Amino acid sequence: AERKPLAKMTVCRALPASAPIVIDGTLSPAEWDGLDPAKGYALTRNPDNAPTKARPSMMWLRRDAENLYIALRHELEPGQSAKPRGNAPSWWGEADIAEVIFEGEGGDWWPQGKGHGPLFYLVGDCAGAFDSYAVAGLPKPRADGLRGAVSYAAASQAECWTAEWRVPLAALGLDPKTAAGCCFNVGAHKPRTLGANVSASDKWAVWVGTEGANWQVWKAGWLSLKE
C-alpha cells in the first residue's frame, strides 16, 4: 500500500463538542456550529479525485472525551426524495447511502508488514439502517464490535437527507486521550445523479478521491483529533 505523505494530506478537524449531540439524524444548529458551511467540510470530488457531477454533501465533525461525532448533509437532485436500501441485496445499488472509513490502530492481532492499519468501514442509508464491513483483512469480530459500539440515525427532507454517527474512538483501536488522529474518508453514493455523460464515479460525492476505493484511506485525508 503506497501511502500519501501526511504532509500532503487534506486535513479535517474534530473540535470539542460545544453542546450535547443527540443521535437522531436531524442536524440541530446548536449541536453543529450553526451548520455553518465554513466550519464544515464539503464532499465535492469523485473517487477519481476529479470534481464530481453528483450534488455536493457537507460534513461537520465534533468529539468529546470518548467519541467522535459526524454530521452529514447530502443534497439530492431537484425533486428527488432519498431512497432507502430496504431489502436490496447490496448497499451500492439504487439507494442513497454514505460510507465513513477510518484507519485505526492495530494491536498484537494486526499483522505487521501489511502496509496499513486495520480499516474500519461503516455504511448507512437515509432511513437509519447501517452496517460495519470487514475489508482489507479486518477480522470479522472487530467489524462486529464496531457495529455494536456505534450509534447512527438518519432523516429525510425534500431534496436532501441527513445523518449522524457517534463512534467510540476505542472501537477503532484509538486511545481517546492520546490519539492525534487517523487516516479517514467519507463518500456518499448518489446513484440517481442527473446530467450528460455521468460516469459511475460521478455518482459519488467524496471528501477525497483516492483514485481507487474510498476505503483506501491511506491515500485520502487525515482526521485530526487534536486542536
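Position 1 is the first residue of the sequence, and the numbers go up from there. Being a predicted model, the structure only gives us computed values, none of them experimental.
Phe102 and Leu174 end up in the same hydrophobic cluster when Ile, Leu, Val, Met, Phe, Trp and Tyr side chains are linked at under 4.5 Å. There is a path of hydrophobic side-chain contacts, each under 4.5 Å, that joins Leu172 to Leu61. Trp207 and Leu223 fall within the same hydrophobic cluster, where Ile, Leu, Val, Met, Phe, Trp and Tyr residues are linked whenever their side-chain heavy atoms come under 4.5 Å apart, directly or through other members. Residue Val186 is not grouped with residue Ile101 when hydrophobic side chains (ILVMFWY) are merged at heavy-atom distances under 4.5 angstrom, including chains of intermediate members. Note: the hydrophobic cluster containing Leu169 also contains Met59 (ILVMFWY, side chain heavy atoms under 4.5 Å, direct or indirect links).
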Between Trp110 and His116, is a side-chain contact (heavy atoms from CB on, under 4.5 Å) present by the stated rule, with each step listed? CA-CA 10 Å; Trp110 184 250; His116 60 78; 3.8 Å; yes

Check the pair Arg13 / Ser224 against side-chain hydrogen bond (donor to acceptor under 3.5 Å, both in side chains), numbers first and verdict last. CA-CA 5 Å; Arg13 295 184 190 284; Ser224 174; 3.2 Å; yes

Using the rule given for side-chain contact (heavy atoms from CB on, under 4.5 Å), can you reason through Arg192 versus Asp96, listing the C-alpha separation, both sets of side-chain angles and the distance that settles it, and then say yes or no? CA-CA 9 Å; Arg192 294 168 297 145; Asp96 289 294; 2.6 Å; yes

Give the intermediate values and the outcome of side-chain contact (heavy atoms from CB on, under 4.5 Å) for residues Trp165 and Val100. CA-CA 9 Å; Trp165 290 99; Val100 181; 3.5 Å; yes

For a ring pair (Phe, Tyr, Trp, His ring centres under 6.0 Å) check, start with the C-alpha distance between Tyr41 and Trp60, then their side-chain angles and the critical distance, and finish with the verdict. CA-CA 6 Å; Tyr41 300 90; Trp60 291 268; 9.3 Å; no

Going through the distances and angles, do Ser57 and Arg73 end up as a side-chain contact (heavy atoms from CB on, under 4.5 Å)? CA-CA 6 Å; Ser57 292; Arg73 184 181 188 280; over 6 Å; no

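Remark: side-chain polar atoms of Asp125 are not paired, donor with acceptor, to backbone N or O of Pro84 under 3.5 angstrom. Listed for the Asp48 side chain is no donor-acceptor partner under 3.5 Å among the backbone atoms of Ala50. Side-chain atoms of Asp24 come within 3.5 Å of backbone N or O of Thr26 as a donor-acceptor pair. Listed for the Arg63 side chain is a donor-acceptor partner under 3.5 Å among the backbone atoms of Leu225. Proximity of a side-chain donor or acceptor of Glu77 to a complementary backbone N or O of Leu194 within less than 3.5 Å is detected. In this structure, the side chain of Thr52 engages the main chain of Trp204 through a donor-acceptor pair within 3.5 Å. Distance alone, capped at 3.5 Å, places no donor-acceptor pair between the Asn49 side chain and the Val208 backbone. The backbone N or O of Val217 sits nowhere less than 3.5 Å from a side-chain atom of Glu103 that would complete a donor-acceptor pair. Trp218 places no side-chain N or O within donor-acceptor distance of the main-chain N or O of Gly117, the cut-off being under 3.5 Å. Judged by distance alone, the side chain of Glu94 and the main-chain N or O of Pro191 form no donor-acceptor pair under 3.5 Å.
For the pair Val206 and Asn214, the minimum side-chain heavy-atom distance is below 4.5 Å. With contacts defined as side-chain heavy-atom distances shorter than 4.5 Å, the pair Trp32/Ile21 qualifies. Proximity of Arg45 to Pro51: side-chain heavy atoms (C-beta onward) are separated by under 4.5 Å at one or more points.
Rounded to the nearest 0.5 angstrom, Ser199 OG and Asn46 CG are separated by 6.0 Å. Note: Leu6 CG to Cys183 SG = 7.0 Å, rounded to the nearest 0.5 Å. Taken from CG in Leu72 to SG in Cys126, the straight-line distance is 13.0 Å, to the nearest 0.5 Å. Here NZ of Lys190 is found 10.0 Å from CD of Gln80. Values are rounded to the nearest 0.5 Å. Note: Leu119 CG to Asn185 CG = 11.0 Å, rounded to the nearest 0.5 Å. For the atom pair Thr162 OG1 and Gln157 CD, the distance stands at 5.0 Å (nearest 0.5 Å).
Summarising the geometry of Arg147 relative to Ser132, their closest heavy-atom pair is NH2-O, 3.2 Å, with the distance given to 0.1 Å. Nearest heavy atoms, Lys53 versus Asn197: NZ-O, 2.9 Å. Across all non-hydrogen atoms, the minimal contact from Gly106 to Pro118 is N-CD, 3.5 Å. Taking every heavy atom of both residues into account, Lys4 and Lys8 meet most closely at CD-O, 3.8 Å. When all heavy atoms of Ala134 and Lys140 are compared, the closest pair comes out as CB-CA, 4.3 Å. Closest non-hydrogen pair, Arg55 versus Glu75, comes out as NH2-OE2, 2.9 Å.
A cation-pi arrangement is present between Arg85 and Trp91, with the terminal nitrogen or guanidinium carbon under 6.0 Å from the aromatic centre and inside a 45° cone about the axis. Under the 6.0 Å distance and 45° angle rule, Arg142 counts as a cation-pi partner of Trp109.
Side-chain atoms of Tyr69 and Glu164 include no donor-acceptor pair closer than 3.5 Å.
When Ile70, Val11, Thr10 are each tested for a side chain to side chain contact (heavy atoms under 4.5 Å, CB included) with Phe184, only one passes: Ile70.
Taking a cutoff of 4.0 Å between a charged side-chain nitrogen and a carboxylate oxygen, Glu66 and Arg166 do not qualify as a salt bridge.
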